[in-house]
Every structure is written in C-alpha cells, then in structure tokens.
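Computed from heavy atoms alone, side chains included, the values below leave out hydrogens, waters and symmetry copies. Here is how names work: the chains are called A, B, and so on, in the same order as the sequence lines, proteins then strands, and each is numbered from 1.
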Number of protein chains: 2
Amino acid sequence: MNAVTIKDVAQAAGVSSATASRVLSGHSATSAESREKVEAAAKNLGFVPNAQARSLRSTKTDTIALLISDVRNPYFSDLAHAVEQQALEAGMMTFIGNANEDSEQQDKFLAAMLSRRVDGLIVVPQGLDEDSEHPSEMMQRIVSSGTPLVFVDRTLPQLNIPSISASSATALNEAIGELKALGHQNIAFLGGPAHASTARERHSAFDAALEANGLTTEKSLHFAGDFRAASGADGAHWVLRHQLEPTAVIIADAPMAIGALTVWREAGIRVGADLSVIAFDEVDAMLMHHPPIATISHDLHSMGRAAVTALQSVMADKEPEPQEFISQFTPRASLAQASVTPGA
Amino acid sequence: MNAVTIKDVAQAAGVSSATASRVLSGHSATSAESREKVEAAAKNLGFVPNAQARSLRSTKTDTIALLISDVRNPYFSDLAHAVEQQALEAGMMTFIGNANEDSEQQDKFLAAMLSRRVDGLIVVPQGLDEDSEHPSEMMQRIVSSGTPLVFVDRTLPQLNIPSISASSATALNEAIGELKALGHQNIAFLGGPAHASTARERHSAFDAALEANGLTTEKSLHFAGDFRAASGADGAHWVLRHQLEPTAVIIADAPMAIGALTVWREAGIRVGADLSVIAFDEVDAMLMHHPPIATISHDLHSMGRAAVTALQSVMADKEPEPQEFISQFTPRASLAQASVTPGA
DNA sequence: TGCTCACGTGTAATCGATTCCATGGAATCG
DNA sequence: CGATTCCATGGAATCGATTACACGTGAGCA
C-alpha cells in the first residue's frame, strides 16, 4: 500500500529526487524554496522513507542490538530499558535480543544482527559451555566482521573487548563485615552459573571478603545455581539440609532470592531471625518481603548508559575508557544476630 | 570489513550471482554441482547476506515488531518472551519496543518500524490521552499503510483491528464470591489507568461481579492507579485512610500489588488477617509473600502465541478468528474471614 | 571585463541482493 | 528422428534511497 517513494515526492514538489533526498536528510545545502516544497509534498503524500534502501546505500542503519540473557529477569530488563533510552537519545533504535541463557539462541540472534548490519552490538555474553578455551564461533565472526562491540555486565576474558562491568568486592566486604559483627560464622553462598563472569566475580569476591574479615572460606558452603528462581529454591533446601547449619546466606541474584525466600517461608524459617539473608539486585519485591531484604545492588541505569557511550566511542574508532561500577550494600532487617540455627 | 558479497561468492564458485542467489535462498531449481560449489564458497568466505539488500528487493523483512507498554513490568516481559519465541519458530525476528506508557514514545517506535518495513506489528496500544475520539495519528497511518497489525492484551475499540485479549469476568466472579463467603462487604479496587482497555475491563468486570454476588457497588471504593508500583503504594495509603474501612482489596497488576504490599508491611497491617488481598498477574513474588497472595492470572504464553498466529493470518490476508482468553482465579492464604478493620 | 569560486540542482551510478527473461542443452514424446 | 518441454543458468533490470560528478548561474575580486 505504501508505494510512495522519494521519486513521487520529488515529482510532486517539482524537483529531482536528489534534491528531495538532500532536503529530507538535511545534509547538503538546499534553497529555502525547494526545502519548503519538498517538505510540503512529503507531508502531503505521507512519505515514509524506506530504511532498507537508505542504509543499503549509506551503510549505516542507526540501529544497535542489545543481547541480554533473560528478558524476564528484572535485572536485565532494567538494563535493557537504560540502554534503550540512552540509544534513543542518540538517535538509534535498539534491537533487544534474548539469549535465554542459551548460547545457541545467542548465536542465532547475533547472526540475524550481523545480517541486518547493525551499527553496533552491546552484549551480555553467554559463556562457553564446556570448551572454555574458545568463545563461540559466532562471537569470533562478530569480532572479525569488525562490527563495533562492547560487553556489558558480563565479559569474556579471552577476548579483548571493551567491557562495562560491576565490582562487588567493596559491597561484599561490608556485607560480610556486618554479618561477622552479628556473630555469623558459617555463611552460605547461593551463586550463579560458572559460565557467567559475574557469577565467578561474585563468588571470588565473596571468598576474598571472608578472608579479609578473618573468616575461613569453606568450599562446601557454595551452591552453584543458574540465576533462575527454581535453582534458588533448590539452594534454599540445600541450605536447610546443610550439616554446617549456616546462619546467613548471600544469594547471587533476585530471581534466585525470590525462589529461595518462597521455600523458606513455606518451611517456616523466620528470615531476619533464624536466618540472615542478603540478595544481589535491588528489586521492589525485596522491600515487600517481611522483613525487607538487605541487598547488594548495581546502578544499572548508569551501566546501561555507559555501555552505549562506550559503544559510540568504538563506533567512532576511539578507545573507550574502561569503566567499572562499584556495587552498593544496603543493610536491612533481614540481618539479625546469629543465634538459633535453622531447623530442618 | 565484511565486504564479501554474493558476487564474490559467485565468482569463487565459478557461477553467476543469480545462481548463487538461488542456491543460497533455496528457491528455484539448482544442480547439485553448483549447489555444492556455492555452499562451499559461501562458507569459505564467511558470507553473511545483507538483509537490507535482500528485503529491498523482495519486500519482506522476516521481522515483526512488538510494542509493549513497559519492559520492566513482568507481565509484559513474559508476553514479549512468548511472542519472541513463537515468532522465532516461524522464522521471524522480533523488534521489541517500549512505549513507557507514553504515546509519544509509542509513535516514535511505530514510525521507526514503518520505515523499516516490518512485515507485521503486534501492539499493546496506548490509549488516547484526553481526546478519546481519535487514536493517535501515527496509529492511523499504520492502519492506512496496510501493515498487518494485531492488538494484544489491550485494544482500541475505535479501530476495527483483530485483538487478542483476556476476560477477567469469570475469575472476578469467583473471587468476589469467595470474599463474600468470607464475610467481606466493603471491597476496594486499586485499578489501572483509564486509557488502558484492560484497566477498564477489569474495573467493569469488578462492578459486575459485585452485583452478581448481591453486593452493592460503591464508586468511592475505586482507586485509579497507573499500573506502576508507586501508584500501588499510593493506593495502599488510600485504603488505610478510607472511611468505609474496606476489609478486602483487589489490585489490578503486579507492580501495583508489590508497591501496596510494601506499604502495608511498613504499616504493620497483617495481610491475610486484617486485610484480604487479591492481585492480578501471577508472579513469583506473590508466592514469596507471607502469606502468599491470591491471584487472578492470564495465560500470557498462550496469548503471545495466539497474537503471532493471528498476525500470520493477517499477513496471509486471512481473517483471524477472534480469541478471548479467560483469566484464572487462584485463592491463597491472603484471603481471610472479614473481622477486624485495618487500623490507620 | 574576465576569471574564479561557491552554491543549488539534475543526471546517473551505486549499494547487494532478488528475479524476469532469454538461451542452450538434455530429456521426453509422438 | 524431429518437435516440444523442462531445467539450469547467465545477463540485466530492479527495489528506493544516497551521493559522485557535472553544469549553469551569480557574486566577488583583480
């Protein structure tokens, strides 16, 4: 139906298509007269430029792609929102893709974006399933295609790609310090999947914080989840059955925390009395919980904006300055004196 | 960097670009020999077809767009996920756009999609701010552009567009019946913004359910929120101060419910004792709450799939069969005998 | 006055694929 | 065996914009 092209506009305005193009893209010099005529004609005919044709010739699409690992995780949807807003301000559309924590879907999306010749890519990289030496073949192709690329949240250390990430060291130090002051000795950690660099970072920062606070690190107190609610629930059962009877738990993301807290509620565990809980990611549900849950949070809005800015640097052939955000610890009533151990 | 075109592939394979194209798109008949040669050459050179060029000529993009009103609302991110998965199965990419409950952003996104010539649009329409006679000008242009379009979740009654929506009448009837059986008389409703058809539907179904159960509808017990957490919090305060001292509340979506429940927790109201609560949208946080919150939920996965299917019908110039999903009521421990009224 | 320069404009090439059309050779049929 | 059909293929047009290049005109300068 929309058969109105720039030629139609040009004809209606009585100029050539070159002039019409110049007016509509506002680049070269044009006379006030033809500018007026072309604009009137375009409006009149309801001209909608064909983005395909435009970017075929001009080799830019004004589109970037954002690949996240799970749209339904509020952490990533917040990030996506921040990226999208910032990109919009810079006049670019954002393709949001969903890897579903699955590197096959990731590759599919990346292939589609490559084929669409997006101007740049912001990726929360999926790790490598087993073969941790080589990032996925598709990721290699992206890199060798020369498409501007930055990583956000997670990174792949094998590749030398600008990354925007967060450091939880300071926050975990504070958190562990607080727990120790409350008398906790056995602190469990419900972590994320090892293929995510954030999960590894949080885990090692946890160990470092224990040591820095003079507590012993205990390998058996680490549970490997997958950042989803179901694994948080599994972790919650695991905590209850653990022979060291941990009195405090730190959980690596919000969905896992919600899963775990649901199990503890059902089991009659009193969080903030029997068990102290700290969760990564500040989401509204943590404040709804009774008692409210202490959190370690990232400034996702800033991270999203920083990722776009870094990408713009790469697109302009500049070296983006590396940036690391510091997470913040917020103590709340979910922290209590270590006293009774949770019954099974 | 990626200067490898189909001509390069053709040359490397020793055939013409026409043959190469035929092999790679798998349409017309090609000999086994050239098929083999072309495929080898393409793989060898790392050929990535240029989607712009392809769709410029073939006038299809294998891309649909989904416009939702808030990515950070789990309701919509679930819907987006369902749509995306279903579209992927049908070989189409999905552009997810975010209206932010704002019709200016909606229009911006729609314009971009129109310009990109997406094959179809699935839209959760924003209402009209004041001028409820005319849907936004951009929406009119979409319609007159002939781009296949379906509405999902919400609808715009002024336009005759296929819509996939949910009916909460039955579920609300059950819910109100249950509340009445528990002795509740004054039931408050924290609703959504009037510009959303779902908010209107839920509100009128609420009134109808009251009447059907022989309770009187009371206008002053309706609070107009905006589907976000902050307005839920406002609504919660409003409930506490209400002179009719409602003993039960129904909340129109999950973010508002979380906002409201946070306020009530802070105020020391015992949900499931002092106050009975039912929330729309089944999200994990509702089960985490102590006590778990009764919900009225939609099958978003099916709705998302149905939307894609309906869109495919429209794209094939067929009339999609209209479909309405029935929401489901799940009673939980947040419902209690009406007894004490909540103190202020 | 003559020359250069800048500016607005039109013509035509171009981006990278798909696809219409013509062609030559093989296969099939009477 | 000659005619017809079918199939694989190459040449060239095409999609709708941008843009390199050329041209004419009027201003500025010596």
Rounded to the nearest angstrom, tell me the gap between atom [atom1] in [X] and atom [atom2] in [N].
X: A:Ile6; N: C:dT11; atom1: CD1; atom2: P; result: 15 Å
X: B:Arg116; N: D:dG16; atom1: CZ; atom2: C1'; result: 15 Å
X: A:Gln11; N: D:dG16; atom1: CD; atom2: C1'; result: 15 Å
X: A:Asn50; N: D:dT14; atom1: CG; atom2: P; result: 17 Å
X: A:Phe47; N: D:dA17; atom1: CZ; atom2: C1'; result: 8 Å
X: B:Leu56; N: C:dC15; atom1: CG; atom2: C1'; result: 9 Å
X: A:Arg117; N: D:dA17; atom1: CZ; atom2: P; result: 21 Å
X: A:Arg35; N: C:dG8; atom1: CZ; atom2: C1'; result: 11 Å

Considering the terminal five base pairs at each end of the helix from C:dT1-D:dA30 to C:dG30-D:dC1, what angle separates the two local helix axes, rounded to 10°?
-> 40°
Starting the side chain at C-beta, find the nucleotide from [options] nearest to [X].
X: A:Arg57; options: C:dA17, C:dG10, D:dA17; result: D:dA17
X: B:Thr19; options: C:dG16, D:dT9, D:dG11; result: D:dT9
X: B:Ser58; options: C:dT18, D:dG10, C:dA12; result: C:dT18
X: A:Ser17; options: C:dA12, C:dT18, C:dG10; result: C:dA12
X: B:Ala18; options: C:dG16, D:dA12, C:dT11; result: D:dA12

Passes side chain to side chain contact (heavy atoms under 4.5 Å, CB included), A:Tyr75 versus A:Ile68? Steps please.
-> CA-CA 10 Å; A:Tyr75 182 84; A:Ile68 58 185; over 6 Å; no
Side chains of [X] and [Y]: do they bring a donor and an acceptor to under 3.5 Å?
X: A:Thr61; Y: A:Arg117; answer: no
X: A:Arg54; Y: B:Ser115; answer: no
X: A:Ser34; Y: A:Arg22; answer: no

Touch check for [X], heavy atoms < 4.0 angstrom, all strands: base, sugar-phosphate only, or nothing?
X: B:Ser31; result: sugar-phosphate
X: A:Ser34; result: sugar-phosphate
X: A:Ser21; result: base

With a 4.5 Å heavy-atom cut-off, do B:Val308 and B:Glu89 have their side chains touching?
-> no
Check: B:Arg22 side chain, D:dG10 base, donor-acceptor under 3.5 Å |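 Yes, the side chain and the base share a sub-3.5 Å donor-acceptor pair.
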Return yes if the base of D:dT18 and the side-chain atoms of A:Arg54 contain a donor-acceptor N/O pair under 3.5 Å, otherwise no.
->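 No pair found.
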Spacing of CD belonging to A:Glu319 relative to CD belonging to A:Glu321, to within rounding of 0.5 Å |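 Answer for the CD-CD pair, A:Glu319 versus A:Glu321, is 10.5 Å.
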If you measure from CG on B:Leu149 to CE on B:Met139, what distance do you get to the nearest 0.5 Å?
->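 Interatomic distance, B:Leu149 CG to B:Met139 CE, rounded to 0.5 Å: 6.5 Å.
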Aromatic rings A:Phe95 and B:Phe95: how do their planes relate, parallel, tilted or perpendicular, breaks at 30° and 60°?
->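 The rings of A:Phe95 and B:Phe95 lie parallel, inter-plane angle below 30°.
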Phosphate OP1/OP2 of C:dT9 contacted by A:Ser16 side-chain N/O (<4.0 Å) =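 For A:Ser16, the contact criterion (side-chain N or O under 4.0 Å from OP1 or OP2 of C:dT9) is not met.
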Of A:Gln52 and B:Thr30, the one whose closest DNA chain D nucleotide lies more 5' |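 The residue mapped nearer the 5' terminus is B:Thr30.
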